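Encoded as structure tokens, the structure appears first; notes follow it.
Just so you know, these numbers use all the heavy atoms, side chains as well, and skip hydrogens, waters and symmetry mates. Worth saying up front: this structure is predicted, and the values here are computed from it rather than measured.
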Amino acid sequence: MTVVARWATVVSLVVWAGSWRIMYLEVTRWRHLDARLRFVTPEVPPGFPVPRAGRPVRAARAAAVVAPVVSLVLLWSSARSARR
């Protein structure tokens, strides 16, 4: 495994763990998301715009979905190259 591949694997695993920690906090402590990772809209007085998930929530949700895939592909490719 090259240094770049090892570095990319470590970074993707750290992003994976960090994003799921943020998802856990969003669901349990901050309650911005429900258990299915959908944005929970707070009650809004009539005439005000409906709130939407901001960039940090959307970025953390995207990282929680993409980072596991990247990590598994990198680990699979490194294991495959080690067998050769």
Side-chain angles (χ1 to χ4, degrees):
M1 182 189 266
T2 66
V3 173
V4 174
R6 183 172 291 137
W7 181 81
T9 303
V10 169
V11 168
S12 66
L13 289 171
V14 168
V15 169
W16 183 0
S19 66
W20 279 103
R21 173 69 177 153
I22 295 295
M23 288 294 105
Y24 171 77
L25 292 173
E26 288 283 352
V27 172
T28 59
R29 185 179 299 169
W30 301 321
R31 301 192 195 285
H32 294 144
L33 302 175
D34 64 5
R36 293 184 179 175
L37 302 182
R38 293 180 300 186
F39 183 66
V40 177
T41 308
E43 298 207 14
V44 180
F48 286 90
V50 178
R52 293 184 288 169
R55 284 188 187 143
V57 172
R58 289 185 283 175
R61 193 167 41 191
V65 172
V66 174
V69 174
V70 172
S71 299
L72 293 175
V73 166
L74 288 170
L75 290 171
W76 176 75
S77 67
S78 68
R80 186 172 175 175
S81 66
R83 280 188 258 149
R84 290 183 185 176

Which side-chain N or O atoms in residues 53-68 pair as donor and acceptor under 3.5 Å with protein atoms at least two apart or in another chain?
unit_1	atom_1	unit_2	atom_2	d
Arg58	NE	Ala53	O	3.4
Arg58	NE	Gly54	O	3.4
Arg61	NH1	Leu37	O	2.8

I'd like a table of donor-acceptor pairs (distance under 3.5 Å, sequence neighbours excluded) in which one partner is a side-chain atom from residues 42-51, with atom names and distances.
none

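Taking a 4.5 Å side-chain heavy-atom cut-off between Ile, Leu, Val, Met, Phe, Trp and Tyr, the cluster of Tyr24 extends to Leu25, Trp30. Applying the under-4.5 Å side-chain rule to Ile, Leu, Val, Met, Phe, Trp and Tyr, the cluster around Trp7 extends to Val11, Val15. In this structure, Trp76 shares a hydrophobic cluster with no other residue, the cluster being traced through Ile, Leu, Val, Met, Phe, Trp and Tyr side chains under 4.5 angstrom apart.
For the salt bridge (charged side-chain N to carboxylate O under 4.0 Å, His left out) condition, the pairs that include at least one residue of residues 10-38, sequence neighbours left out, are Asp34-Arg38.
Listed by chain and residue number, Val4, Ala5 satisfy the side-chain contact (heavy atoms from CB on, under 4.5 Å) test with Thr2 (two or more places apart in sequence, or in another chain). Residues passing the side-chain contact (heavy atoms from CB on, under 4.5 Å) test with Leu74, sequence neighbours excluded: Ala8, Thr9, Ser12, Val70. Among residues two or more places apart in sequence or in another chain, the salt bridge (charged side-chain N to carboxylate O under 4.0 Å, His left out) test is passed with Arg80 by none.
To the nearest 0.5 Å, the span separating CG on Leu13 from CG on Leu72 amounts to 8.5 Å.
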